[in-house]
**Q** 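Questions regarding the structure given below will be posed in turn.
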Amino acid sequence: MAASRFLLLLCYLLVFLHGFAGASHILEELNTMEPTYVNQQHRTTYHFQPPKNWMNGPMYYNGVYHLFYQYNPYGAVWGNIVWAHSVSTDLVNWQPLEPAIYPTAPFDIKGCWSGSATILPNHTPVILYTGIDTQGRQVQNLALPKNLSDPLLRQWVKPAQYNPIIVPNGLNASSFRDPTSAWLGKDGHWRVLVGNKRGKRGMALLYRSRDFVWWVKAKHPLHSSKDTGMWECPDFFPVLKKGQLGLDTSVNGLHVKHVLKVSLDDLKHDYYTVGTYLPYKDRYVPDNSSVDDGTSLRYDYGKFYASKTFFDGAKHRRILWGWMNESDSVNNDVAKGWSGVQAIPRTLWLDKSGKQLVQWPIVEIESLRGKKVDIIDKVLGSGSVVEVLGVTTAQADVEVTFELHSLDQADILDSMSLTQPQLVCSKLGCSNTKQGGGFGPFGLFVLASKDQEERTAVFFRIFKKAGNQHVVLMCSDHSRSSLKEDVDKTAYGGFVDVDLAHGPKPTLSLRTLIDHSVVESFGEGGKTCISSRIYPVKALGENAHLYAFNYAPAPITISKLSAWDMSTAKIN
Ligand SMILES: *[C@@H]1O[C@H](CO)[C@@H](O)[C@H](O)[C@H]1NC(C)=O
Ligand SMILES: *[C@@H]1O[C@H](CO)[C@@H](O)[C@H](O)[C@H]1NC(C)=O
Ligand SMILES: *[C@@H]1O[C@H](CO)[C@@H](O)[C@H](O)[C@H]1NC(C)=O
Ligand SMILES: *[C@@H]1O[C@H](CO)[C@@H](O)[C@H](O)[C@H]1NC(C)=O
């Protein structure tokens with residue numbers, strides 16, 4: 001396996017193909033080109049990557065975390081997607097195994113695409129996945145571990161007497177994929193969702209089964225939304241109304257809300273709503289945001305797609321895992337020899353407001369923290385930039401809390417801009433004190449060269465809106481992230497829902513995980529997340545610097561900044 005050459009991913013591969021005309025041609029070319037390994041300094045050291053290219057459904061079973069991901073063995077035509085398999089006991093260090101599911105039968109001979117695992121009450125794990133059958137149709141199949149006594153569940157079987165378990169009768173067979181983890185209703189019926197579209201209406205089709213083998217389509221989808229296009233990788237799960245503990249996918253009741261996430265193929269982002277699941281109608285009703293208005297919530301306002309959650313029964317938490325593609329050109333990806341990484345797994349729960357989720361890197365990642373430096377109670381005058389010295393900042397974890405003294409200069413953000421955070425970030429960039437730029441920007445320069453010719457800025461700007469309420473904008477600006485030209489330098493942005501009027505001194509916090517070509521940032525304890533892929537030319541390795549800056553028109557204080565060196569994890 002180590003010697004074979006890999007391509008992109010499953011759900012991801014699919015998306016990639018949809019995004020480019022003549023994609024199969026590109027993929028064939030990718031298959032036959034040798035990587036030149038020009039610059040492996042952009043390769044990540046604690047984010048999950050396969051040896052080469054790229055990534056599917058996570059699962060926890062009997063003390064072992066399983067990550068199944070998608071790849072295409074060397075020489076194979078593109079449809080030949082398999083489920084590669086790595087295992088871990090801590091979600092940080094990973095051991096590769098042989099592929100778990102690969103094309104062998106008429107129901108998946110042209111590819112084994114995305115799917116999900118469900119643990120049955122008798123403690124048997126089952127995988128449902130999309131197979132591409134002999135006719136090129138997307139059908140849903142079932143796979144079971146061959147030997148439940150094998151602690152690593154290395155081998156999986158796909159019983160021919162059952163498969164395919166769901167076929168696209170009367171549906172578009174090219175838009176019918178990515179089954180979710182199933183949940184069990186009080187009526188003893190299992191339910192599973194499959195992504196679909198009818199015309200431009202995106203939907204999550206619902207199927208029910210008593211025995212997990214014989215599935216019947218419900219009359220109506222669990223949910224649908226017009227003009228959203230294909231819903232890929234749907235994910236549907238309960239969250240506690242109060243508290244941070246995660247719940248098994250089948251839990252329901254007055255103490256929970258439900259979350260529906262869809263990966264919109266047309267927009268290439270993961271959107272979610274918080275709402276109520278009505279089991280007697282098998283309908284999901286979003287609270288008030290909806291996937292088809294441009295202001296919907298996203299897990300991440302940067303690069304983050306085809307994510308999945310799973311319930312970790314050992315630590316009673318729900319963990320979210322997403323995939324980040326490259327910002328590089330396809331040629332550069334080929335030269336690097338790999339493409340795509342997994343974001344750091346995030347624990348996720350419902351915010352106290354009940355309006356949104358909160359995400360935070362799994363606690364295990366802190367086991368990689370090494371040398372630490374602190375900055376305490378440091379005033380940053382207007383226009384100042386302070387270097388954080390003493391840690392290797394190409395591979396680091398940084399947490400900072402800014403204390404704000406006066407927000408008088410936070411000007412009004414017009415109502416139009418209130419629906420377009422990314423556009424505001426892009427228009428204002430991170431230069432200082434522009435008219436109409438709000439109070440800010442202030443934040444971090446990461447992966448910066450000594451002369452700051454290269455730098456990625458992660459920062460806040462504070463505005464006001466009608467009614468004198470504050471509006472906090474979080475941005476990631478990449479206009480100077482790399483001297484390279486053939487890199488996507490789109491700015492990312494999202495609003496942070498925080499009440500700055502509360503408490504004696506308003507504060508805003510930021511945590512950023514830096515890993516060579518990955519920057520993952522968590523604003524205000526994980527209320528707003530932004531992930532980026534960047535490829536500095538100068539700010540590499542020992543030449544990468546980290547700064548805190550304040551370009552706001554008045555001083556602010558770093559009440560505390562801690563930065564840690566991160567060790568290299570053992571990954572594949
Ligand atoms: C099942 O796995 C166990 C543990 O690895 C092993 O001892 C046993 O021989 C396996 N059984 C078969 C039929 O492969
Ligand atoms: C079926 O889905 C495919 C893939 O998105 C699309 O190209 C095609 O137009 C769809 N067919 C119909 C009849 O909607
Ligand atoms: C959502 O609903 C609540 C209560 O029904 C209402 O107060 C709030 O304004 C709504 N929010 C939006 C964005 O429509
Ligand atoms: C991957 O990245 C490119 C460029 O940065 C972007 O245009 C594309 O939509 C991305 N694809 C996905 C699935 O995120």
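Heads up: numbering here begins at 1 and tracks the sequence. These numbers were taken from a predicted model, which means no experiment stands behind them. Both counts, for ligands and for their atoms, begin at 1 and track the order of listing.
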**Q** In ligand 4, which numbered atoms sit nearer than 4.0 Å to a non-hydrogen atom of Asp488?
**A**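 Per the distance check, 4 (C), 5 (O).
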**Q** Just jot down the ligand 2 atoms closer than 4.0 angstrom to any heavy atom of Lys197, in number order.
**A**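 This gives 2 (O), 5 (O) as the contact atoms.
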**Q** Among Asp265, Asn172, Leu171, whose heavy atom sits nearest atom 14 (O) of ligand 2?
**A**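 Going through Asp265, Asn172, Leu171 one by one, Asn172 has the nearest heavy atom to atom 14 (O) of ligand 2.
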**Q** We want to know whether His516 and Gln395 form a side-chain donor-acceptor pair, criterion being a heavy-atom distance below 3.5 angstrom.
**A**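 There is such a pair between these side chains.
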**Q** Among all protein heavy atoms in this structure, tell me which lies nearest to atom 4 (C) of ligand 1, with the distance rounded to 0.1 Å.
**A**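 The closest one turns out to be Ser149 O, 3.5 Å.
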**Q** Going by an N to O cut-off under 4.0 Å, is there a salt bridge joining Asp235 and Arg318?
**A**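 Salt bridge between Asp235 and Arg318, a charged N being under 4.0 Å from a carboxylate O: no.
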**Q** Does Glu454 offer a backbone N or O that forms a donor-acceptor pair with the side chain of Ser449 under 3.5 Å?
**A**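 Side chain of Ser449 to backbone of Glu454: a pair is present.
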**Q** Looking at ligand 4, does Glu326 have a heavy atom less than 4.0 Å from it?
**A**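 True for this residue.
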**Q** Looking at Glu232 and Arg177, is there a salt bridge between them, counting it only when a charged N and a carboxylate O are closer than 4.0 Å?
**A**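 Looking at Glu232 together with Arg177, the answer is yes, because their closest N to O distance falls below 4.0 Å.
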**Q** Are any of the N or O atoms of Trp323 closer than 3.5 Å to those of ligand 4?
**A**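 Such a contact does not occur with ligand 4.
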**Q** Show the atoms of ligand 4 that are less than 4.0 angstrom away from any heavy atom in Ser327.
**A**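 Near Ser327, the atoms of ligand 4 are 5 (O).
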**Q** Do any N/O atoms on Asn325 end up under 3.5 angstrom from N/O atoms on ligand 4?
**A**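 Yes: some nitrogen or oxygen of Asn325 is under 3.5 Å from one in ligand 4.
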**Q** Taking the two cysteines Cys475 and Cys430, decide whether their SG atoms are closer than 2.5 angstrom.
**A**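 Their SG atoms do not fall under 2.5 Å; no disulfide, then.
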**Q** Can you tell me the protein heavy atom closest to atom 3 (C) of ligand 1 and the distance?
**A**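 That would be Asn147 ND2, 3.5 Å.
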**Q** Looking at atom 9 (O) of ligand 1, would you say a protein heavy atom lies below 4.0 Å from it?
**A**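 For atom 9 (O) of ligand 1 the answer is no, since every protein heavy atom stays at 4.0 Å or beyond.
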**Q** Counting from 1, what ligand 4 atoms have a heavy atom of Lys303 closer than 4.0 Å?
**A**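 Listed by number with element, the hits are 1 (C), 2 (O), 3 (C), 4 (C), 5 (O).
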**Q** Whether the side chain of Trp83 engages the backbone of Trp113 through a donor-acceptor N/O pair (distance < 3.5 Å, no angle test) should be reported.
**A**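 At least one qualifying donor-acceptor pair exists.
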**Q** Side-chain donor-acceptor pair under 3.5 Å between Thr118 and Ser181, yes or no?
**A**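 Judged by distance alone, the side chains do not pair up.
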**Q** In terms of the angle between their ring planes, are Phe68 and Trp156 parallel, tilted or perpendicular, with boundaries placed at 30° and 60°?
**A**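 Aromatic pair Phe68/Trp156 classed perpendicular.
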